[in-house]
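Notes to accompany the following structure.
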Amino acid sequence: MTQLGRRDVLRAGLALPGLVGLVQSRALGDERAPHITRFEETAGFDVADVVSGSRIAIQPLGSLEFHGPHNPLGADSIIISGIAERVAARTSALLFPTIRFTQCPAHTAHFRGTISLRPEVMTLYFADVLRNIALLGCHKILILNGHDGNIGPARGAIAQVANEFQDAALMFISWWEFLSSETMKTLALFHQSNGGHGHGGPLETSAVAAFRPDLVHLDRAKDLPEPPDLSGGSPYFLQKSTAADWPGYSGRISEASADKGKQVVQISEDGIVRLVENWLQHDQAPGSW
């Protein structure tokens with residue numbers, strides 16, 4: 001029997017993080033791990049070259065929020081981190097670590113496990129993060145959002161930073177916006193009139209399972225009615241202090257699966273990449289208003 005020396009053991013230990021990353025990168029069926037330039041892995045001497053060699057900077061936004069008894073508390077962070085990695089690899093971007101401590105709405109904040117910042121704190125904090133990214137020399141910053149509660153505070157921070165820097169361009173994208181109810185109805189993955197959308201519902205649960213199937217426990221949740229559509233399809237925003245008798249999720253959870261999650265994640269990823277490429281090709285286009 002071959003005996004292992006100390007150096008062999010140390011080499012094996014040093015290789016483990018890379019092997020774990022490879023396994024996670026293949027969760028969606030990738031043949032090999034894509035090259036991703038991560039800010040936290042950049043050496044000090046190499047910062048200037050890494051920034052100048054990246055087409056854009058990507059800052060993912062997640063959350064730590066209750067998504068039903070069947071989902072991990074980091075569901076939003078898991079989804080957006082996974083999508084951000086894939087988008088970064090396809091767009092030659094510099095990827096920054098996902099921000100997980102964010103603002104959560106009142107009707108999820110009271111669930112055990114949710115960690116929520118005040119909206120004004122989130123705006124100040126995120127503005128400082130964006131300022132520092134801009135100070136590095138990153139003139140185009142893509143904010144990839146995985147949590148509805150981030151939209152208001154993040155847009156406030158983006159407005160502040162855009163006013164402070166010359167030639168700054170900051171784009172904000174929520175991953176689920178590329179999965180309209182009509183698109184989901186056409187795919188017929190979920191038997192809900194809204195295509196499986198809803199907090200902790202089958203669409204979101206499937207997306208979590210696409211990256212971390214080991215963290216999804218479908219046996220812990222029962223199927224529930226889908227959330228009601230109050231407007232007939234038009235977008236609206238409703239904030240409530242409480243949601244009586246709501247268990248923190250909705251929809252037919254039994255319809256969720258990792259395979260379905262891979263399909264919806266791919267659609268979102270492709271849509272984000274198309275938008276980014278159009279943005280970079282038409283960088284003189286005016287901002288949204």
Side-chain angles (χ1 to χ4, degrees), residues 20-21 24-25 27-28 36 38-41 56-68 70-89 93-109 111-119 121-130 132-133 141-158 170-179 197-201 203-216 248-249 256 261 264-265 268-269 271-272 276:
V20 171
Q24 291 179 345
S25 72
L28 288 169
I36 302 169
R38 302 177 191 274
F39 182 73
E40 71 268 28
E41 296 176 358
I56 59 172
I58 295 180
Q59 176 60 70
L61 285 180
S63 76
L64 289 169
E65 181 186 38
F66 186 82
H67 281 75
H70 56 296
N71 274 315
L73 298 171
D76 292 335
S77 299
I78 290 168
I79 295 170
I80 205 60
S81 296
I83 293 176
E85 289 185 354
R86 292 162 66 88
V87 171
L94 175 56
L95 180 61
F96 284 78
T98 299
I99 295 176
R100 291 173 166 82
F101 291 100
T102 57
Q103 191 267 329
C104 295
H107 59 274
T108 62
F111 282 99
R112 188 174 180 84
T114 295
I115 297 179
S116 180
L117 303 183
R118 286 170 291 164
V121 172
M122 173 65 187
T123 298
L124 291 170
Y125 168 65
F126 188 46
D128 272 350
V129 172
L130 293 178
N132 280 271
I133 295 175
I141 306 173
L142 173 65
I143 298 94
L144 281 182
N145 181 42
H147 170 60
D148 186 79
N150 293 333
I151 295 175
R155 289 188 66 172
I158 290 167
L170 303 95
M171 177 174 282
F172 181 90
I173 302 173
S174 296
W175 74 272
W176 62 85
E177 297 289 356
F178 296 87
L179 300 165
H197 284 282
H199 184 78
L203 191 160
E204 188 171 29
T205 300
S206 295
V208 176
F211 295 107
R212 294 297 306 271
D214 57 311
L215 299 181
V216 175
Y249 72 98
V264 299
V265 164
S268 178
E269 175 197 336
I272 293 169
V276 169

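The shown structure was predicted, so the numbers you read here are calculated from the model rather than taken from an experiment.
- Expressed to the nearest 0.5 Å, how far CD1 of Ile115 lies from CG of Leu73 amounts to 8.0 Å.
- Rounded to the nearest 0.5 Å, atoms CD1 (Ile78) and OG1 (Thr98) are 10.5 Å apart.
- Counting only heavy atoms from C-beta outward, the side chains of Leu95 and Glu85 approach each other to under 4.5 Å.
- In plain terms, the two heavy atoms of Ile133 and Ala57 that are nearest each other are CG2-CB, 4.0 Å.
- At distances below 3.5 Å, at least one donor-acceptor pair connects side-chain atoms of Thr123 with backbone N or O atoms of Pro119.
- For the atom pair CG of Leu94 and CD of Gln59, the computed distance is 10.0 Å after rounding to the nearest 0.5 Å.
- Judged purely by atom type and a 3.5 angstrom limit, Ser77 has no side-chain atom pairing as donor or acceptor with the backbone of Gly62.
- The side-chain heavy atoms of Phe211 and Val265, taken from C-beta on, include a pair separated by under 4.5 Å.
- Atom CG in Asp148 sits 10.5 Å away from atom SG in Cys104 (nearest 0.5 Å).
- Residues Val208 and Pro72 meet the side-chain proximity criterion, which asks for heavy atoms closer than 4.5 Å.
- A distance of 11.5 Å separates CD1 of Ile58 from CD1 of Ile83, quoted to the nearest 0.5 Å.
- Met122 places none of its side-chain heavy atoms less than 4.5 Å from the side chain of Ser116.
- Shown here is Phe178, whose CZ atom has more than 12 heavy atoms of other residues, nucleotides or ligands within 6.0 Å.
- Between Leu179 and His197, some side-chain heavy-atom pair lies under the 4.5 Å cut-off.
- The closest side-chain heavy-atom distance from Arg86 to Ser268 is not below 4.5 Å.
- To the nearest 0.5 Å, atoms CD (Glu40) and CZ (Phe96) are separated by 9.5 Å.
- Of all non-hydrogen atoms in Gly149 and Gln103, the two that sit nearest each other are O-OE1, 2.9 Å.
- Two residues are said to be in side-chain contact when any heavy atoms from C-beta on lie closer than 4.5 Å; Phe172 and Leu61 meet this criterion.
- For the pair His70 (side chain) and Gly200 (backbone), a donor-acceptor distance under 3.5 Å is present.
- A donor-acceptor contact shorter than 3.5 Å is absent between the side chain of His199 and the backbone of Glu204.
- Here the side chain of Asn71 pairs no donor or acceptor atom with the backbone of Phe66 at under 3.5 angstrom.
- Considering Ile99, Asn145, Ile80, Ile143 in turn, Ile80 is the only one that fulfils the side-chain contact (heavy atoms from CB on, under 4.5 Å) rule with Pro60.
- Looking at Thr114, its side chain never comes within 3.5 Å of a backbone N or O of Glu65 through a donor-acceptor pair.
- You'll find the side chain of Trp175 stays beyond 4.5 Å of the side chain of Leu144, heavy atoms only.
- Remark: the His67 side chain and the Asp76 side chain contain an N/O donor-acceptor pair separated by less than 3.5 Å.
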